[in-house]
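Remarks on the structure that follows.
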Amino acid sequence: LHHPEALTHNGHLILWIVFGLFSVGTVASFAVTYREPYRRRFLPSLGLLVNIIATIAYFCMASGVGSTIVHSGGPRSAKREVLYARYIDWLFTTPLLLTELTFLAGLPAAEIASTVVADVIMIVTGLLAALHPSLRYRWGLFTFSLLAFLFVLYSLVGNARSNAFLRGNKVGTLYNYLSGVLVVAWSAYVVVWVLGEGTGIISADSEVLAYGILDVLAKPVWGLALVLALPTEAEVLLPA
Ligand code: RET
């Protein structure tokens with residue numbers, strides 16, 4: 001138990017593979033954004049930004065910057081490698097993803113803002129929970145993060161849903177589908193966190209694999225599905 005539970009060669013290999021997938025996602029997002037006329041580029045360009053940020057974050061993590069060793073519990077080791085670079089990615093990308101979905105729903109600006117603020121609190125307290133030196137107080141920050149997450153989910157399944165249906169049945173149906181996938185996928189991050197950073201039950205490599213699969217689903221796949229399925233009624237137009 002003298003060695004920290006750190007990434008191995010396999011963990012870095014997975015990070016490089018996910019970096020490759022995000023590079024492809026970035027190119028695809030560029031294509032779907034710029035084939036649209038200028039006025040229709042708002043939603044696709046948010047998706048493009050998400051992919052660019054994640055590509056850079058994966059380059060950092062794969063090449064070995066943005067991680068630190070923290071005190072850890074669990075069966076594996078008393079120390080564990082935490083890739084804090086992903087929280088910096090999430091700090092920018094989760095607000096962008098929520099902006100895409102809430103603009104699609106036509107949620108009023110003040111409610112978009114409060115959802116995004118709760119999301120930022122969720123990520124920052126989640127980062128602090130992962131870095132906290134005390135194995136006990138870590139769960140206090142985890143609780144703050146979880147409460148903020150519940151607020152985000154509440155805005156998405158409550159008001160935003162009814163707003164989406166006000167924009168028409170096609171928009172409502174697309175919104176239902178995309179928000180449903182989001183709720184399931186984002187909740188899975190919490191499970192991975194508890195098993196990884198939280199309790200040390202899974203290895204640092206398995207954690208990288210699990211977050212990698214979720215990131216590819218939640219960013220390029222989800223974002224392209226939104227843009228490609230967008231009915232004309234759901235467009236968010238830029239000023240001419
Ligand atoms: C943490 C740990 C503490 C409790 C909660 C969390 C939630 C994280 C979420 C992350 C979503 C990330 C996405 C990234 C890429 O697109 C920080 C894991 C609630 C919901 C969607």
Side-chain angles (χ1 to χ4, degrees), residues 1 3-7 11 15 18 50 53-54 56-58 60-61 64-99 101-102 111-158 182-215 217-219:
L1 286 182
H3 295 291
E5 171 54 29
L7 294 197
L15 290 168
V18 179
V50 166
I53 293 169
I56 296 169
Y58 269 93
C60 292
M61 294 189 287
V65 68
S67 82
T68 188
I69 304 286
V70 301
H71 183 198
S72 168
R76 295 181 167 272
S77 172
K79 286 178 186 305
R80 183 180 183 91
E81 183 172 5
V82 167
L83 302 180
Y84 63 81
R86 51 172 96 262
Y87 295 86
I88 302 175
D89 165 332
W90 296 347
L91 186 60
F92 296 100
T93 55
T94 54
L96 288 167
L97 292 166
L98 289 175
T99 305
L101 189 63
T102 50
E111 286 177 55
I112 295 182
S114 62
T115 309
V116 166
V117 168
D119 175 80
V120 167
I121 292 173
M122 171 186 92
I123 300 299
V124 172
T125 52
L127 169 64
L128 292 170
L131 298 179
H132 205 294
S134 150
L135 292 182
R136 199 145 36 102
Y137 290 118
R138 192 173 281 181
W139 295 101
L141 284 156
F142 173 85
T143 306
F144 296 143
S145 182
L146 200 61
L147 291 172
F149 183 46
L150 292 177
F151 181 86
V152 171
L153 295 185
Y154 169 78
S155 333
L156 294 183
V157 300
L182 186 145
V183 169
V184 174
W186 288 34
S187 301
Y189 282 87
V190 184
V191 176
V192 175
W193 193 95
V194 169
L195 297 175
E197 284 106 319
T199 58
I201 290 171
I202 61 172
S203 69
D205 284 348
S206 310
E207 181 191 312
V208 162
L209 178 63
Y211 278 140
I213 293 169
L214 290 176
D215 279 344
L217 177 69
K219 290 179 174 128

Do V124 and L128 come close enough that some side-chain heavy atom pair is under 4.5 Å? yes
Would you say S145's side chain and T125's backbone share a donor-acceptor pair under 3.5 angstrom? no
When rounded to the nearest 0.5 Å, the distance separating NE2 of H132 from OH of Y137 is 8.5 Å
side-chain contact (heavy atoms from CB on, under 4.5 Å) filter on F151, not counting sequence neighbours, yields S114, A118, S155
The test is side chain to side chain contact (heavy atoms under 4.5 Å, CB included); show your working for W193 and V190 and say whether it passes. CA-CA 5 Å; W193 193 95; V190 184; 5.6 Å; no
What do the steps show when you test Y87 against L91 for side chain to side chain contact (heavy atoms under 4.5 Å, CB included), and what is the final call? CA-CA 6 Å; Y87 295 86; L91 186 60; over 6 Å; no
Can you find a heavy atom in the side chain of E5 that is under 4.5 Å from one in the side chain of S203? yes
Taking side chain to side chain donor-acceptor pair (under 3.5 Å) as the test, write out the residues that go with Y84, two or more places apart. none
Apply salt bridge (Lys or Arg N to Asp or Glu O under 4.0 Å) to residues E207 and R80 and explain how you reach the verdict. CA-CA 12 Å; E207 181 191 312; R80 183 180 183 91; 2.7 Å; yes
With E81 as reference, evaluate V70, V208, T68, L7 under the side chain to side chain contact (heavy atoms under 4.5 Å, CB included) test and give the passing residue. L7
Residues G200 and P75: closest non-hydrogen pair is O-CD, 3.4 Å
Please report the closest heavy-atom contact between P95 and V120, naming both atoms and the distance. CG-CG2, 4.2 Å
Any idea which heavy atoms bring L135 and W139 closest together, and the distance? O-CD1, 3.3 Å
If we only count heavy atoms from C-beta on, is the D215 to R86 side-chain gap below 4.5 Å? yes
Taking all non-hydrogen atoms of both residues into account, name the closest pair between R76 and I202 and its distance. NE-C, 3.5 Å
For K79 and S72 the tightest heavy-atom approach is C-CB, 3.9 Å
So, do L217 and I213 sit near enough that their side-chain heavy atoms are less than 4.5 Å apart? no
In Å and rounded to the nearest 0.5 Å, what is the CG to CG distance from L98 to D119? 4.5 Å
Any non-hydrogen side-chain atom of Y154 less than 4.5 Å from a side-chain atom of L150? no
Could you check whether any side-chain N or O of T199 sits under 3.5 Å from a backbone N or O of V194, counting only pairs where one atom can act as donor and the other as acceptor? yes
Side chain to side chain contact (heavy atoms under 4.5 Å, CB included) between V152 and T94, worked out: CA-CA 11 Å; V152 171; T94 54; over 6 Å; no
Between the CZ atom in F142 and the CG atom in L147, the distance rounded to the nearest 0.5 Å is 10.0 Å
Decide if the gap between the ring center of Y189 and the ring center of W186 is smaller than 6.0 angstrom. no
Checking side chain to side chain contact (heavy atoms under 4.5 Å, CB included) for the pair L15/L83: CA distance, chi angles, key distance, verdict? CA-CA 11 Å; L15 290 168; L83 302 180; 4.2 Å; yes
Shortest non-hydrogen pair, K219 vs T93, comes out as CE-OG1, 3.3 Å
Rounded to the nearest 0.5 Å, the CG atom of L146 sits from the CG atom of L141 at a distance of 12.5 Å
Nearest 0.5 angstrom please: W90 CH2 to L127 CG, how far? 9.5 Å
Heavy-atom side-chain proximity of L209 to D205 below 4.5 angstrom: no
